[in-house]
Amino acid sequence: MKIFMLCDFFNEELEYQENHLVDYYRRHGHEVIVVCSLYENVFEYYTDKKVDGPRRDYEVNGARIVKLPYRYNILNRMRAYPKIDRLLEEFEPDLIFVHDIMLNLPECIAYVKKHPRTKMIMDYHADYSNSGKNWVSLKILHGVLRKRFLDKARPHLSMIYPIVPAGIDFLNEVYGVPRDEMSLLPLGTDLEYGAQVHASGAGRAIRRELGIPENHFVIFTGGKLTPFKRTETLIEAVNSLGRDNVHLLVAGAAGPNEAEYFAGLEQLAEGNPRIHFRGWQDKLGVYRHLDAADIAVFPASQSILWQQSIGMGLPVIVGDRSEFMVPSDASYLNRNGNLIVLDHEEETAPQIERLLRGLIDDRAALARMAAGARRTADEMLDWNKLIEETLSHLPQEVDS
């Protein structure tokens, strides 16, 4: 089967949804092409740094990656690649998978009209917690400009897949998409890879490297260290615990614009040798550090690390408020009592300290949460099952 993926950012070294989809489609024997932007650096992508250069066309693990410059880019909000109709005709896809409302949708629509056996689906990553932060964004960018592209595409989309329940509400209320045209497709995690990392003894090796005894309690956090993550509240909580047997692994880094914030984190942790700043980690590094931990804590802002932590069998404490102070509702990941959502009305650092203290002192409760995490991962975060859902719209003879 041939799968044509259209997205904005793609870096084969990272643990993003697009990477997992490509990997698992390839594991199941499907042919994949990814059409994406020239961005290589995630920090440059999120800060909308201008990128220029020629088209790149290369292969990664059997998948073809085509990186294109933007044909136009209006305020980093409305941007399109050169026409992709020739790529579509050359590749002859069975499935077109569009990630969010891409402005090259018209070429995809034209191809599906011309080749009705080809199916098209779209996932969606926006909701009130990360988009529509002001009237212009909500009413004009989403409510008019992008809506026009989606309205034309909807008759040709077999399904729209928001990645969180709040995305279903956003598309329904802002774009007028009926709920029966949507289905939740949560971000998954690489369970097979995680199992291999655990079997290799990676977590124990990390503990030995840092001089952490096996019976000490280890907390994981990480990702892009921005003020919106509120990592300082976790460091404050760990300091307040005052326990010599509690360690914090910070597996992440700050971008150039957050250097001052990161310096503040280091200053806050100064004098506590059990707080370990581990820097930015590749895929293996992230999973190794997760394997070394007893629990993961993310004080604020949604992250793929939530799913990865659950996939590694960790209880998770999250604050589900975004940078705009809007809840993103993490409760859908708490299928088996494996996740605690922080109370927005309670001060964050003391609340984290209280929750950690309770779980450190009640290892049976911690074990129940860990068992729940493993069940939740198997039920809803397994990429083998998630890609089956994306392929369910294809004719049986093509799917076989």
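Hydrogens, waters and symmetry mates play no part in the numbers below; they use all other heavy atoms, side chains included.
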Stepwise side-chain hydrogen bond (donor to acceptor under 3.5 Å, both in side chains) test for Gln308 and Asp190: CA-CA 8 Å; Gln308 290 170 341; Asp190 198 337; over 6 Å; no
Can you check side chain to side chain contact (heavy atoms under 4.5 Å, CB included) on Met120 and His156, steps first, answer last? CA-CA 7 Å; Met120 181 166 63; His156 310 283; 4.1 Å; yes
Output, in order, the C-alpha distance, side-chain angles, deciding distance and verdict of side chain to side chain contact (heavy atoms under 4.5 Å, CB included) for Asp94 and Lys119. CA-CA 6 Å; Asp94 299 300; Lys119 302 303 178 183; over 6 Å; no
Is there a ring-ring contact (aromatic ring centres under 6.0 Å, His included) between Phe262 and Phe277 once you walk through the steps? CA-CA 10 Å; Phe262 183 70; Phe277 289 96; 5.5 Å; yes
Check step by step if salt bridge (Lys or Arg N to Asp or Glu O under 4.0 Å) holds for Arg207 and Asp294. CA-CA 12 Å; Arg207 288 188 175 227; Asp294 297 289; 3.0 Å; yes
Apply the test side-chain hydrogen bond (donor to acceptor under 3.5 Å, both in side chains) to residues Asp123 and Gln17: give CA-CA distance (whole Å), side-chain angles for both, the deciding distance (0.1 Å), then the verdict. CA-CA 10 Å; Asp123 70 4; Gln17 177 210 34; 2.8 Å; yes
Hey, mind stepping through Glu12 and Asn61 against side-chain hydrogen bond (donor to acceptor under 3.5 Å, both in side chains) and telling me if it holds? CA-CA 9 Å; Glu12 55 269 18; Asn61 298 327; over 6 Å; no
If you apply the rule salt bridge (Lys or Arg N to Asp or Glu O under 4.0 Å), what do you find for Arg278 with Glu209, and how did you get there? CA-CA 12 Å; Arg278 303 294 289 166; Glu209 177 186 336; 2.8 Å; yes
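Residues Ile295 and Phe217 are in side-chain contact: their nearest non-hydrogen atoms beyond the backbone lie under 4.5 Å apart. Under the 4.5 Å side-chain criterion, counting only non-hydrogen atoms from C-beta, Leu210 is in contact with Leu249. Within the 4.5 Å cutoff, no side-chain heavy atoms of Val164 are placed close to those of Leu187. Side-chain atoms of Ile74 and Arg79, non-hydrogen and from C-beta on, never get closer than 4.5 Å to each other. Annotation: side chain of Met5 is in contact with side chain of Val32 (closest heavy-atom distance under 4.5 Å). Contact of the Lys229 side chain with the Ser303 side chain is registered, since non-hydrogen atoms from C-beta on lie closer than 4.5 Å.
In this structure Asp244 satisfies the side-chain contact (heavy atoms from CB on, under 4.5 Å) test together with Arg274, sequence neighbours excluded. In this view, Tyr111 and His115 satisfy the ring-ring contact (aromatic ring centres under 6.0 Å, His included) rule, not counting sequence neighbours.
A donor-acceptor pair under 3.5 Å is absent between the side-chain atoms of Asp57 and the main chain of Val66, judged by distance alone. For Asp291 (side chain) and Ala199 (main-chain N/O), no donor-acceptor pair under 3.5 Å exists by modelled atom type. Under the 3.5 Å distance criterion, the side-chain polar atoms of Glu107 are matched with a main-chain donor or acceptor of Ile84. Of the possible donor and acceptor atoms, one in the side chain of Arg26 sits under 3.5 Å from a partner among the backbone N and O of His30. In this structure, the side chain of Asn19 engages the main chain of Asn11 through a donor-acceptor pair within 3.5 Å. Formation of a donor-acceptor pair under 3.5 Å by the Ser158 side chain with backbone atoms of Ile121 is not found in this model. A donor-acceptor contact shorter than 3.5 Å links the side chain of Thr118 to the backbone of Pro93. In this structure, Arg71 contributes its side chain and Tyr81 its backbone to a donor-acceptor pair below 3.5 Å. No side-chain donor-acceptor contact under 3.5 Å links Asp127 to the backbone of Pro162. With hydrogens and angles ignored, the 3.5 Å screen pairs a side-chain donor or acceptor of Ser37 with a backbone N or O of Asp8.
In this structure, Met122 CE and Cys108 SG are separated by 11.5 Å, a value rounded to the nearest 0.5 Å. Taking CD from Glu353 and CG from Leu241, the interatomic distance works out to 5.0 Å, rounded to the nearest 0.5 Å. The line from NZ of Lys50 to OH of Tyr39 is 10.5 Å long, rounded to the nearest 0.5 Å. Ile317 CD1 to Leu234 CG: the interatomic distance, rounded to the nearest 0.5 Å, is 9.0 Å. Remark: Met182 CE to Leu157 CG distance equals 12.0 Å, nearest 0.5 Å. Rounded to the nearest 0.5 Å, atoms CD1 (Ile310) and CG (Leu305) are 11.0 Å apart.
Annotation for His198: atom NE2 does not count as buried by contact number, only 12 or fewer foreign heavy atoms lying within 6.0 Å. Within 6.0 Å of the CD atom in Glu214, the count of heavy atoms belonging to other residues, nucleotides or ligands does not exceed 12. Atom CD of Glu270 has 12 or fewer neighbouring heavy atoms from other residues, nucleotides or ligands inside a 6.0 Å radius. Heavy atoms from other residues, nucleotides or ligands lying under 6.0 Å from CD of Gln267 number 12 at most. Within a 6.0 Å radius of CZ in Arg148, no more than 12 heavy atoms belonging to other residues, nucleotides or ligands are found. Annotation: Asn245, atom CG; neighbour count of heavy atoms from other residues, nucleotides and ligands within 6.0 Å is above 12.
A salt bridge links Lys114 with Glu89: at least one charged nitrogen is closer than 4.0 Å to a carboxylate oxygen. We find that Arg354 and Glu346 are joined by a salt bridge, their nearest charged nitrogen and carboxylate oxygen being less than 4.0 Å apart. Note on Lys67 versus Glu40: salt bridge recorded, some NZ/NE/NH1/NH2 to OD/OE distance being below 4.0 Å. For Arg27 and Asp23, the salt-bridge test passes: some basic side-chain N is under 4.0 Å from an acidic carboxylate O. Taking 4.0 Å as the cut-off between side-chain N and carboxylate O, Lys385 and Asp378 count as a salt-bridged pair.
Judged by the 6.0 Å distance and 45° axis criteria, Arg335 is not positioned over the aromatic ring of Tyr332. For Lys2 and Phe91, the positive end sits near the middle of the six-membered ring, less than 6.0 Å away and at most 45° from its axis. Under the 6.0 Å distance and 45° angle rule, Arg146 does not count as a cation-pi partner of Phe149.
The aromatic rings of Phe97 and Tyr25 lie perpendicular to each other, with more than 60° between the two planes, well past the 30° mark. Below 30°, between 30° and 60°, or above 60°: for Phe220 and Phe298 the angle between ring planes is above 60°, a perpendicular geometry. Between His20 and Tyr24, the two ring planes are tilted [angle within 30° to 60°].
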Only distances under 3.5 Å count here; give the side-chain donor-acceptor pairs of residues 166-181 to other protein atoms, sequence neighbours excluded, each with its distance to 0.1 Å.
unit_1, atom_1, unit_2, atom_2, d
Asp169, OD1, Arg179, NH1, 3.0
Asp169, OD1, Arg179, NH2, 3.2
Asn172, ND2, Val177, O, 3.1
Glu173, OE1, Tyr128, OH, 2.7
Tyr175, OH, His142, ND1, 2.7
Glu181, OE1, Arg154, NE, 2.9
Glu181, OE2, Arg154, NH2, 3.1

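Within the 6.0 Å centre-distance limit, the rings of Tyr193 and Tyr287 are counted as a close aromatic pair.
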